[in-house]
Number of protein chains: 2
Amino acid sequence: MSNDENIYRQMLKAIVEHQLPPGARLPEDRLSEAFGVSRTGIRKVLHRLALEHFVVVEKNKGAQVNHPSEAEALEVLDSRILIEPQLTPALLQHWSSAQSQRFRTMALEEKRAEKDNQLADAIQLTARFHYELATLAGNQVLARFVEQLCYRSSLILAAYGTRGSVGCECGDHSQFLDILDQGNESEAETWMTHHLKHIKSSLILENKAEENIDFQQLFGR
Amino acid sequence: MSNDENIYRQMLKAIVEHQLPPGARLPEDRLSEAFGVSRTGIRKVLHRLALEHFVVVEKNKGAQVNHPSEAEALEVLDSRILIEPQLTPALLQHWSSAQSQRFRTMALEEKRAEKDNQLADAIQLTARFHYELATLAGNQVLARFVEQLCYRSSLILAAYGTRGSVGCECGDHSQFLDILDQGNESEAETWMTHHLKHIKSSLILENKAEENIDFQQLFGR
DNA sequence: TCTCTATTTAATGTATACAATGTATTGGTT
DNA sequence: AACCAATACATTGTATACATTAAATAGAGA
């Protein structure tokens, strides 16, 4: 793997695993000395992360971990609700006992990580479960987009999730695998829709940014 | 607009309008002298275009305009077929006579550009029609993705389109506006699906790249 | 003491220099 | 004449230096 790619993955990992919280500043020189490369390489990674909405860079003001707006959070989840359930037909076409086995292992690992409070691992595994399903559906273009949406969801949960929750407590992922093993297409689609809507509705969106507080309503007569 | 953004748009424009054909090499020093900036700025734009799949950069070998594979071409169209028709409900919610007016103007311009053989303009307007519809549906995250897919479609048509076609000859875009004006949701969804499937099936996918030619089968006994 | 301004400080933006890599050309050998 | 090897050339990869901009601090005036 190239050095850039390595740095990129380390930083993305730190962001989606909530090691670098939303809003954290990312000074180029500090990062360059941490990774042992010049600012040139860091800037490249930073700009890539910016294009993928994991960080925001303001001109002459540097980069920081993106703090998704409420609107962005809802739109990411809505996008997943629109796409992921629609992938189930193609998913079933590529389904096999070998795949079932693979995903069941993943679901168990995820459950264990959750139980052991291995937050970082649990987050990674939750996202991976979803985007590997998308990959199996066969369309790489869509799968890459879903992958991004899953990671963005991890970031969103860092900002708006209930404490400790990684987003998928509404029912086990292995439930979904049972449905796939039965080959029930419509039920699989329904399950996925409910699953994602549940995550969406679990977001806590009441923490207003200070710039939007309506003082007139708060204190006015 | 920032200088980077300006360069980015000019290059993207040149690519989607088929001024820079698929496979065209993009040497950094030639571009930097053309735009009057150093290689630093060019590299940033090149890498951005690469992440968006408009160019490919190979390590130590530089950048060239992406020549989409057949698989990529089909997947991009399939992605649009999965997403765009699904946007019609939200689209109708935001529909108004003012919007109708705006899109009809666009459709007319597009038709005129096609008739006058203004290939570049026609391509731009065709893509814009689709992604502005997606934008009106209200989900910015999805809309940006659809925008990218539309531009990638333009590039795909450069590689696999019938000569002179910009992809939407199967029926006027104004037809779709008629359906929206009537508020017929299911018909709008159907129309969009057929429209995109028609574009997909119009691609000419038989020109094998030379690296895949089976000489044994061609010349072998 | 507070505020406004000037200066300093620290960060990013951009260009350039050098190193590393890939490609083309030339010359020699079979 | 065709093929291989070695060298020369051209292009990209990376680091660094300088310019530019935003933020922080200190000082003067009210």
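Just so it is clear, the values below take in all heavy atoms, side chains as well, and ignore hydrogens, waters and symmetry mates. Chain identifiers are assigned alphabetically (A, B, ...) following the order of the sequence lines, protein sequences preceding nucleic acid strands; residue numbering begins at 1 within each chain.
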Grab the CZ-C1' distance between B/F35 and C/dA15 for me, whole Å please. 18 Å

Between A/L108 and A/T105, is any pair of side-chain heavy atoms under 4.5 Å apart? no

Near DNA chain D, counting only heavy atoms under 4.0 Å, which residues of residues 50-66 of chain A show up? A/N60, A/K61

B/Y131 and B/Y151 aromatic ring geometry - parallel, tilted or perpendicular at 30°/60° bounds: tilted

Looking at D/dT16, C/dA15, D/dT11, which one has an atom nearest to any side-chain atom of B/T40? C/dA15

Taking the side chain of B/P27 as its heavy atoms from C-beta onward, which of C/dT12, C/dT14, D/dT12 lies nearest to it? D/dT12

Could you give the CD-to-P distance, from A/E33 to C/dA11, as a whole number of Å? 11 Å

Which whole-number value in Å describes the distance from B/L46 CG to D/dT12 P? 8 Å

Go nucleotide by nucleotide along DNA chain D from the 5' end; which of B/D29 and A/G41 gets its closest nucleotide reached first? B/D29

When the side chains of residues 139-148 of chain A are checked against the rest of the protein, which donor-acceptor pairs come out under 3.5 Å, sequence neighbours left out?
from	atom 1	to	atom 2	distance (Å)
A/N139	OD1	A/V141	N	3.0
A/N139	OD1	A/L142	N	3.1
A/N139	ND2	B/E75	O	3.1
A/N139	ND2	B/S79	OG	3.4
A/R144	NH1	A/E147	OE1	2.2

If we only count heavy atoms from C-beta on, is the B/L87 to B/L133 side-chain gap below 4.5 Å? no

What is the separation between atom NZ on A/K44 and atom C1' on C/dG13, rounded to the nearest whole Å? 18 Å

Ignoring backbone atoms, test whether A/R39 places a side-chain nitrogen or oxygen under 4.0 Å from the OP1 or OP2 oxygen of D/dA15. no

Just by distance, do the side chain of B/N66 and the backbone of B/H53 share a donor-acceptor pair under 3.5 Å? yes

Separation of C/dT16 atom C1' from B/R43 atom CZ, nearest Å, is 14 Å

Here the distance between atom C1' of C/dA11 and atom CZ of A/R25, to the nearest Å, is 8 Å

May I ask you to check whether over 12 heavy atoms, not counting those of A/R30, lie within 6.0 Å of atom CZ? no

Gap between atoms CG and P, on A/N6 and D/dT14 respectively (whole Å): 13 Å

Do B/C150 and B/R80 come close enough that some side-chain heavy atom pair is under 4.5 Å? yes

What is the distance, rounded to the nearest whole Å, between atom NE2 of A/H47 and atom C1' of C/dT14? 12 Å

